[in-house]
Amino acid sequence: MEEFEPTIVAFVCNWCTYTAADLAGTARMVQSPNVRLVRMMCTGMVDPKYVIKALLSGADAVLISGCHPGDCHYINGNYKARRRVKLLSEILTTVGLDPRRLKLTWIGASEGNEFAETVNELVRDIKALGPSEAASLGAM
Amino acid sequence: MANRIGVYICHCGTNIHPKVDTEQVARFAKGLKNVVASKDYKFMCSEPGQDMIIRDIRSWSLNRVVVASCSPRIHEKTFQNACLRAGLNPFLFQMTCIREHCSWITEDSEEATLKAMHLVAAAVQRVNYHEELYSRVQTVHPDVLVVGAGISGIQAALDVAKAGLKAHLVERAPSIGGHMAQFDKTFPTLDCAACISTPKMVAVAQEPNINLMTYSEVTDVNGFVGNYEATVRMNARYVDLDKCTGCGLCLEKCPTNVDSEFEEGLAKRKAIYRYSPQAVPNKPTIDKDSCRVLNGKKCGVCEKFCPSGAIDYKQEDVEVKLQVGTIILATGFDVFDPTPLKQYGFGRYPEVYTGLQFERLNNAVGPTGGKIVKKDGTPPESVGIIHCVGSRDANHHPYCSRVCCMYALKYGHLIMDKIGHHVKIHNFYIDLRCFGKGYEEFLRRVQEEGVNFVRGRPAEVTDQALTPEEQGKLMVVCEDTLLGRNLRVPVDMVILCTAMEPRADAAEVARIFGISQGLDSFFLEEHPKLGPVSTATDGVFLAGTCQGPKDIPDAVSHASGAAAQAIALASKGETAISPTVSYIDPDICVGCKTCIGLCAYSAIEFDERRKISVVNQAMCKGCGSCAGHCPSGAAQVRHFTEREIFTELSGLLDPLAPRSVVSTEAEPVV
Ligand code: FES
């Protein structure tokens with residue numbers, strides 16, 4: 001049987017994690033190509049709708065990643081993201097999606113290796129978790 | 001009218017192609033809705049590449065452009081400008097990264113190509129919904145804030161002042177001068193550091209366009225390019241600088257001795273002290289941690305003896321607010337503390353010194369009056385100089401500190417010059433990096449003077465003698481990797497060429513000024529090659545070693561570069577501010593005020609008459625906190641609207657239409 005290859009969408013902030021992703025690439029750190037980045041200005045910009053849309057349109061998981069607490073380029077957008085993710089995880093459970101499909105991390109601009117590790121780890125975890133339950137939630 | 005999109009896939013030489021089959025991606029893009037031109041090309045960012053876009057916009061009446069190449073952090077502006085030159089609003093452009101996030105991260109060509117197609121599809125779908133946006137023009141306050149008054153900060157402030165602009169120069173120490181003021185001679189010319197830096201320090205003090213604030217720190221910065229407000233705390237010196245004549249009587253009388261920072265702990269200073277012999281301003285400061293009176297004990301000697309009544313124990317810190325248009329950070333470096341490298345015995349053996357300590361030892365106004373002597377007062381007969389201590393070391397700093405080889409050579413020369421040519425100098429090096437102007441020549445000169453070079457990183461420095469000759473010496477234990485032999489070299493003195501490292505509080509400073517740090521924790525420049533003085537935050541520039549290790553000429557050039565950037569902004573007098581800010585649709589807003597509480601910049605106000613929230617565009621930074629939360633979907637950040645993100649997601653996630661690969665024969669790819 002062919003191995004399940006998950007599709008993952010990552011909403012990353014321009015100032016930290018996107019820069020870290022650039023760095024990881026520049027350092028040629030090998031990463032699973034399953035993760036596709038959406039560049040946002042800040043994690044505070046990530047509307048819960050975007051996450052749900054991604055999960056319902058075929059993403060097996062969503063990663064939100066921004067600056068470390070206290071480092072947000074816009075003072076505290078990442079704290080707002082953290083609150084939203086917390087709520088959102090609960091909602092995911094109630095609609096029948098595994099909450100592990102939504103992950104929030106802080107990866108600073110200099111942490112290229114951290115980014116590569118996060119990506120590879122997430123892909124590994126989601127492979128173990130299997131395809132998203134969303135496909136069978138037709139009614140939503 | 002349907003959109004007319006042009007898609008350009010870059011090979012980036014061989015960086016993207018052939019890992020990503022760019023031709024196939026271009027063919028695929030050609031099949032996407034509204035795409036009228038799709039091409040792949042060797043270097044999209046080159047002039048012919050940009051010209052191709054411009055030509056196509058004109059001849060194919062393109063009204064949207066997508067480029068898939070390197071990270072938009074590198075070339076987004078380049079391509080936006082190309083669009084602009086062709087008369088297309090730069091926001092009708094979208095860039096997607098198929099290099100850093102695609103071709104460089106996988107070995108599998110098929111996977112890379114597939115991912116590239118998804119990324120291109122996302123960009124194409126998204127760009128359909130881009131809107132024309134226009135930058136706002138903001139006036140630039142002409143004053144410049146320079147933080148740190150080492151040689152870089154001094155140079156930057158003098159350059160700014162020379163342009164007829166006002167520079168506020170803020171220095172944390174009681175005197176300006178920085179590390180350079182501690183040095184003795186400078187390589188490779190061997191002119192004395194004080195002789196070339198003191199005139200500059202004096203020039204700063206005398207320059208009417210420079211507002212010098214020593215013993216002061218920037219505690220907070222608000223605003224944006226052209227209009228920053230900085231809060232500066234002027235720490236209490238407990239000396240009234242207006243009354244003080246700098247006679248120095250207090251320094252003689254003060255009974256409290258503490259280690260001198262300026263002398264790197266090799267000498268003592270008083271609790272009331274002059275930072276350095278050539279301090280600017282040349283007036284004393286009371287160190288509140290060691291002063292007896294300020295710690296509730298009996299003393300008051302300085303007050304009693306001061307002939308001008310300048311001592312003021314009641315003085316308090318003063319906060320001032322500065323309005324400036326641009327900021328230059330010149331906060332410098334720290335010297336690596338070699339104590340954790342226990343094998344070299346720093347702190348354990350009295351005759352093991354750091355490079356900076358040796359500078360003081362050799363300095364005419366240093367603790368020994370410029371005599372190179374051991375702690376027992378006799379000159380060393382042999383000296384071991386260990387290179388790369390803390391640099392090029394996976395356990396400490398992987399980078400090269402760029403100055404150590406050269407100052408190590410300088411020490412060799414100076415020791416022989418001062419004590420005599422019979423002194424044995426042994427350099428223990430990994431590689432000799434003498435890259436600057438006149439540096440290689442200096443190496444040759446020192447080699448000819450008879451300095452010994454051993455290639456190898458010493459394993460340890462020890463005082464455990466194995467033979468009678470080793471008695472009373474420090475042995476540098478090392479493998480000479482050129483001879484393939486283990487050596488024990490007995491010496492009287494060891495100098496550790498300690499690394500330059502980021503300031504201990506670099507993270508805190510980065511936070512205050514809203515900039516980032518790189519992998520090595522030095523401040524991150526906007527572009528490693530083409531933007532080494534600017535940062536990702538408009539109007540904040542870097543000068544000198546706060547950006548990475550530099551020697552003096554490089555630091556000075558860097559500082560002049562930063563000054564030129566600040567002067568350029570000030571002389572133009574205005575700057576364009578990104579229009580990608582938030583907008584609240586008045587027809588949708590229900591006036592719940594949720595966004596007002598979320599906005600970190602107080603940029604949203606409530607319009608009582610219409611009962612809706614309104615964004616103040618001048619204050620909004622476009623972070624999207626409001627848009628991410630607005631329950632009615634009225635708040636949207638321009639260029640990051642819900643529609644744009646949704647369509648981007650479709651492109652990323654929708655299965656790739658197979659027709660893209662088939663249809664190529666029917667329609668020629670243009
Ligand atoms: S800017 Fe990175 S999380 Fe806000």
Side-chain angles (χ1 to χ4, degrees), chain A residues 5 7 9-11 13-16 18-50 53-54 56-59 67 70-77 79-81 83-84 108-113 116 119, chain B residues 70-74 95-97 99-108 111-112 114-116 118-119 122 507 510-511 514-521 524 528 536-537 580 598 600-601 621-630 633 637 639-640 642 645-646 648-655:
Chain A
E5 285 293 342
T7 307
V9 169
F11 295 98
C13 89
N14 177 54
W15 304 97
C16 279
Y18 196 89
T19 314
D22 281 359
L23 211 61
T26 310
R28 311 295 198 277
M29 292 172 184
V30 177
Q31 298 157 53
S32 303
N34 310 47
V35 177
R36 299 171 194 161
L37 264 53
V38 180
R39 179 177 173 224
M40 306 297 271
M41 291 317 283
C42 173
T43 52
M45 193 182 245
V46 182
D47 190 320
K49 280 192 295 249
Y50 302 163
K53 160 86 181 170
L56 293 184
S57 322
C67 315
D71 282 357
C72 173
H73 191 78
Y74 305 101
I75 305 175
N76 53 19
Y79 291 120
K80 292 163 190 155
R83 287 205 290 269
R84 270 173 223 154
S110 58
E111 299 171 327
N113 37 0
V119 161
Chain B
C70 52
S71 167
R73 291 179 57 258
I74 299 175
M95 186 162 175
T96 189
C97 171
R99 192 178 74 172
E100 283 84 345
H101 307 164
C102 195
S103 69
W104 276 353
I105 61 162
T106 172
E107 285 302 323
D108 188 324
E111 277 180 341
L114 197 70
K115 182 170 181 182
H118 274 290
L119 292 170
R511 198 190 54 72
I515 59 167
S516 314
Q517 293 169 277
L519 214 44
D520 49 16
S521 295
L524 190 65
T537 305
T580 57
L598 285 171
Y601 303 99
K621 305 231 182 194
C623 72
S625 286
C626 52
H629 206 288
C630 177
V637 175
H639 212 52
F640 290 89
E642 192 177 299
I645 305 294
F646 270 30
E648 184 169 353
L649 286 172
S650 314
L652 286 183
L653 294 168
D654 291 352

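Naming convention: chains lettered A, B, ... in sequence-line order (proteins, then strands); numbering from 1 in each chain.
- In terms of heavy atoms, B:F640 sits closest to A:Y50 at O-OH, 4.0 Å.
- Among A:R39, A:R84, A:H73, the residue making the largest number of heavy-atom pairs under 4.5 Å with chain B is A:R84.
- Of all the heavy atoms in B:R73 and A:Y18, the pair that sits closest is CD-CD2, 3.7 Å.
- Counting heavy-atom pairs closer than 4.5 Å to chain B, the top residue among A:M29, A:M40, A:Q31, A:M41 is A:Q31.
- Looking at B:I645, only its side chain comes within 4.5 Å of chain A, counting heavy atoms on both sides.
- Closest heavy-atom contact between A:G58 and B:L653: C-CD2, 4.2 Å.
- Neither the backbone nor the side chain of B:E107 comes within contact range of chain A; no heavy atom of the residue lies under 4.5 Å from a heavy atom of that chain.
- In this structure, the side-chain contact (heavy atoms from CB on, under 4.5 Å) partners of B:C102, at least two apart in sequence or on a different chain, are B:V20, B:I98, B:A112, B:K115, B:A116.
- To the nearest 0.5 angstrom, B:L519 atom CG is 6.5 Å from A:N113 atom CG.
- Scanning both residues, A:A21 and B:H101, for their nearest heavy atoms gives CB-NE2, 3.6 Å.
- Of the listed residues (A:C42, A:S57, A:A24), the greatest number of heavy-atom pairs within a distance under 4.5 Å of chain B belongs to A:S57.
- The NZ atom of A:K80 sits 9.5 Å away from the NE2 atom of B:H629 when rounded to the nearest 0.5 Å.
- Rounding to the nearest 0.5 Å places CD1 of B:I105 at 8.0 Å from OG of A:S32.
- Across A:K53, A:E111, A:K49, A:R36, the residue that shares the most heavy-atom pairs under 4.5 angstrom with chain B is A:R36.
- The shortest heavy-atom contact between B:L598 and A:R83 is CD2-NH2, 4.2 Å.
- Relative to the ring axis of A:Y74, B:K621 does not place its NZ or CZ within 45° and under 6.0 Å from the centre.
- Between the OG1 atom in A:T19 and the CG atom in B:L524 there is a gap of 7.5 Å [rounded to 0.5 Å].
- To the nearest 0.5 Å, atom CD of residue B:E100 and atom OG1 of residue A:T26 are 4.5 Å apart.
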